[in-house]
Colleague: 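Provided herewith is a single structure, encoded as structure tokens, for subsequent inquiry.
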Protein chains: 2
Amino acid sequence: MAVRTRRGEPLSLDEIHATALRLIDAGGAEALSMRKLAAELDVNPMSLYHHVENKTALLAGVCGLAISQLRLPPDDGRPWQEQLRALAHAYRSLAQAHPRLWAYVHEHPEVVDRKEGMGAVLRRILHAAGVPERDVEATSEILYAFVTGFVYAETRDHLGEHPGAEDVDRSYEIAIRLILAGLASGEAFDTQP
Amino acid sequence: MAVRTRRGEPLSLDEIHATALRLIDAGGAEALSMRKLAAELDVNPMSLYHHVENKTALLAGVCGLAISQLRLPPDDGRPWQEQLRALAHAYRSLAQAHPRLWAYVHEHPEVVDRKEGMGAVLRRILHAAGVPERDVEATSEILYAFVTGFVYAETRDHLGEHPGAEDVDRSYEIAIRLILAGLASGEAFDTQP
DNA sequence: AGCTCCAGCCATACGCTGTATGGATACGCT
DNA sequence: AGCGTATCCATACAGCGTATGGCTGGAGCT
């Protein structure tokens with residue numbers, strides 16, 4: 001079952017994912033090529049294809065690995081405002097841990113299943129916030145878009161230059177409060193009963 | 001000055017931009033290649049480089065052409081809410097006119113100068129909305145991120161399947177109202193004087 | 001008229017990409 | 001002993017952006 005490889009140990013999927021993530025962190029997803037990855041692993045490029053279907057599957061795997069790190073806030077008794085803050089914070093932390101990978105995620109939203117995990121928690125919170133039932137789904141999509149839009153822009157800028165973490169955090173605070181106040185007002189949902 | 005070309009007329013930058021936009025509308029920016037574009041124009045690939053520095057410059061040109069279509073709402077006396085709606089609407093219309101090109105714009109924000117046009121109008125409106133001076137800049141960036149995030153998601157989904165334009169417009173209405181209510185509340189800006 | 005200049009166009013080539021195809025190797029199992 | 005199979009590798013193909021350099025033929029000048 002084992003073939004004498006030019007390196008010691010045979011390849012493993014985890015090792016592939018880990019090195020791919022390293023390369024992406026260093027140079028972005030567009031700097032990742034199967035050949036460079038193979039070189040990094042001291043392996044023939046084609047060997048990768050025995051562990052991974054193709055490059056997009058590889059990238060999906062790496063993204064899934066990162067997403068699985070997301071720690072969703074539990075449904076404790078805290079007010080919905082705090083729970084929403086916690087959820088946004090968890091998402092933002094994830095993005096900040098691997099900004100370049102997250103750029104890829106933003107550009108390929110299909111790798112993250114919004115129906116799962118995150119989406120459910122978000123809908124629960126919106127329900128608690130008094131959003132009318134028929135608008136919970138749409139509002140969930142909207143807030144997801146707002147947060148991803150903000151975090152995308154933030155991580156992008158952050159890669160370029162460092163404008164002072166204080167300003168950034170203040171911006172983040174303003175953004176969150178805008179959303180909370182908008183939700184709390186209830187003015188967004190009263191077109192017809 | 002003119003060389004017998006394999007087609008009749010010599011190439012022009014406008015013609016290049018127009019056909020590039022057509023190809024992008026049809027298959028997205030990633031389906032645009034210099035060779036395909038040249039074939040479409042019945043010209044040798046290298047001929048393009050006498051009118052365009054390279055591919056990214058070409059894409060920037062096409063984007064700029066689209067962006068120049070943006071009709072910024074004038075500073076009439078209307079309340080800031082309506083002006084903000086108008087601005088968002090203008091932006092959204094632009095994206096909907098060329099969704100696939102806009103996907104590229106979202107993924108390469110550097111092609112659009114936020115300091116210019118759009119940004120100035122947005123800051124003016126926020127000022128009228130009573131946003132404290134020191135937070136106008138940050139809030140402008142935030143709203144820009146919110147709107148682009150929403151429009152990006154919307155145009156993306158819209159490319160996949162057609163979930164009914166009514167739902168989409170209702171979502172858009174909710175999103176706008178969320179922002180307006182959040183701004184109107186003033187709760188986002190009272191950390192310290 | 002003859003000259004140069006050069007804008008516009010094209011042919012060739014290089015290094016890069018993802019991956020289809022098929023062959024080599026070496027272990028576990030019967 | 002021999003087979004199945006998991007893993008790895010060599011070669012090759014089509015496509016990409018573009019560097020380099022050569023051709024052509026009108027414009028402008030002497």
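Residue numbering restarts at 1 for every chain, and letters A, B, ... go by the order of the sequence lines.
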Colleague: Which nucleotide, D:dT18, D:dT7, D:dC9, lies nearest any side-chain atom of B:Met46?
Modeller: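 So the nucleotide nearest the side chain must be D:dT18.
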Colleague: Whether A:Arg177 engages the ring of B:Phe189 as a cation-pi pair (distance to the six-membered ring centre under 6.0 angstrom, angle to the ring normal within 45°) should be assessed.
Modeller: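 Verdict for B:Phe189: no cation-pi partner in A:Arg177.
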Colleague: What's the CE-P distance between B:Met34 and C:dC10, to the nearest Å?
Modeller: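 Going from CE in B:Met34 over to P in C:dC10 covers 14 Å.
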Colleague: Could you write out DNA chain C as dot-bracket? Rules: Watson-Crick or G-U wobble, both distances under 3.5 Å, brackets [ ] for crossings, | for pairs with another strand, dot for unpaired.
Modeller: ||.|||||||||||||||||||||||||||
Colleague: For A:Leu48, run the side-chain contact (heavy atoms from CB on, under 4.5 Å) check against A:Leu58, A:Ile16, A:Asn54 and tell me which one passes.
Modeller: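 Considering A:Leu58, A:Ile16, A:Asn54, a side-chain contact (heavy atoms from CB on, under 4.5 Å) with A:Leu48 is found only for A:Ile16.
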Colleague: Taking atom P of C:dA20 as reference, at what distance in whole Å does atom NZ of A:Lys55 sit?
Modeller: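 Checked: the NZ to P distance equals 14 Å.
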Colleague: Among the candidates C:dT19, D:dT18, D:dC16, find the nucleotide nearest to the side-chain atoms of B:Ser33.
Modeller: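 Nucleotide nearest to B:Ser33's side chain: D:dC16.
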Colleague: Over how many whole Å does the gap from B:Arg35 atom CZ to C:dC10 atom C1' extend?
Modeller: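 From B:Arg35 CZ to C:dC10 C1': 13 Å.
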Colleague: Looking at side-chain heavy atoms only, is the closest gap between A:Glu154 and B:Glu141 below 4.5 Å?
Modeller: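 No, their side chains stay 4.5 Å or more apart.
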Colleague: Grab the CG-C1' distance between A:Leu48 and D:dT7 for me, whole Å please.
Modeller: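 Interatomic distance, CG of A:Leu48 to C1' of D:dT7: 12 Å.
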Colleague: Indicate the atoms forming the closest heavy-atom contact of B:Ile174 with A:Ala138, along with that distance.
Modeller: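 That would be CD1-CB, 4.5 Å.
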Colleague: Do A:His106 and B:Glu107 meet the criterion of a side-chain donor-acceptor pair at a distance under 3.5 Å?
Modeller: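 Looking only at side-chain atoms, B:Glu107 and A:His106 do not form any donor-acceptor pair under 3.5 Å.
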Colleague: Taking the side chain of A:Ser47 as heavy atoms from C-beta outward, which of C:dC9, D:dC9, D:dG17 is closest to it?
Modeller: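 Nearest listed nucleotide: D:dC9.
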Colleague: Using atom NE2 of A:His50 as one end and atom C1' of C:dT25 as the other, report the distance to the nearest whole Å.
Modeller: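 Between C1' of C:dT25 and NE2 of A:His50: 12 Å.
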Colleague: What's the closest nucleotide to the A:Val43 side chain, out of D:dC8, C:dC10, D:dC9?
Modeller: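 From the listed options, D:dC9 comes nearest.
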Colleague: Rounded off to whole Å, could you give me the OH-to-P distance for the B:Tyr49 and C:dA11 pair?
Modeller: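 Atom OH in B:Tyr49 sits about 16 Å away from atom P in C:dA11.
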Colleague: In whole Å, what is the span from the CG atom of A:Leu32 to the P atom of C:dT17?
Modeller: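 Rounded to whole Å, this separation is 10 Å.
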Colleague: Using whole Å, what does the distance between atom C1' of nucleotide C:dT17 and atom CG of A:Asn54 come to?
Modeller: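 Going from CG in A:Asn54 over to C1' in C:dT17 covers 14 Å.
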Colleague: Nearest to the side chain of B:Asn44, which nucleotide is it out of C:dG18, D:dT7, C:dC10?
Modeller: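 The listed nucleotide nearest to B:Asn44's side chain is C:dC10.
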Colleague: Is there a side-chain contact between A:Leu84 and A:Leu143 (heavy atoms, below 4.5 Å)?
Modeller: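 Of all side-chain heavy-atom pairs linking A:Leu143 with A:Leu84, at least one is under 4.5 Å.
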Colleague: Listing request: all ring-ring contact (aromatic ring centres under 6.0 Å, His included) pairs with a residue in residues 53-95 of chain A, at least two apart in sequence or in separate chains.
Modeller: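 Checked against ring-ring contact (aromatic ring centres under 6.0 Å, His included) - neighbours excluded - the pairs reaching residues 53-95 of chain A are A:Tyr91-A:Trp102.
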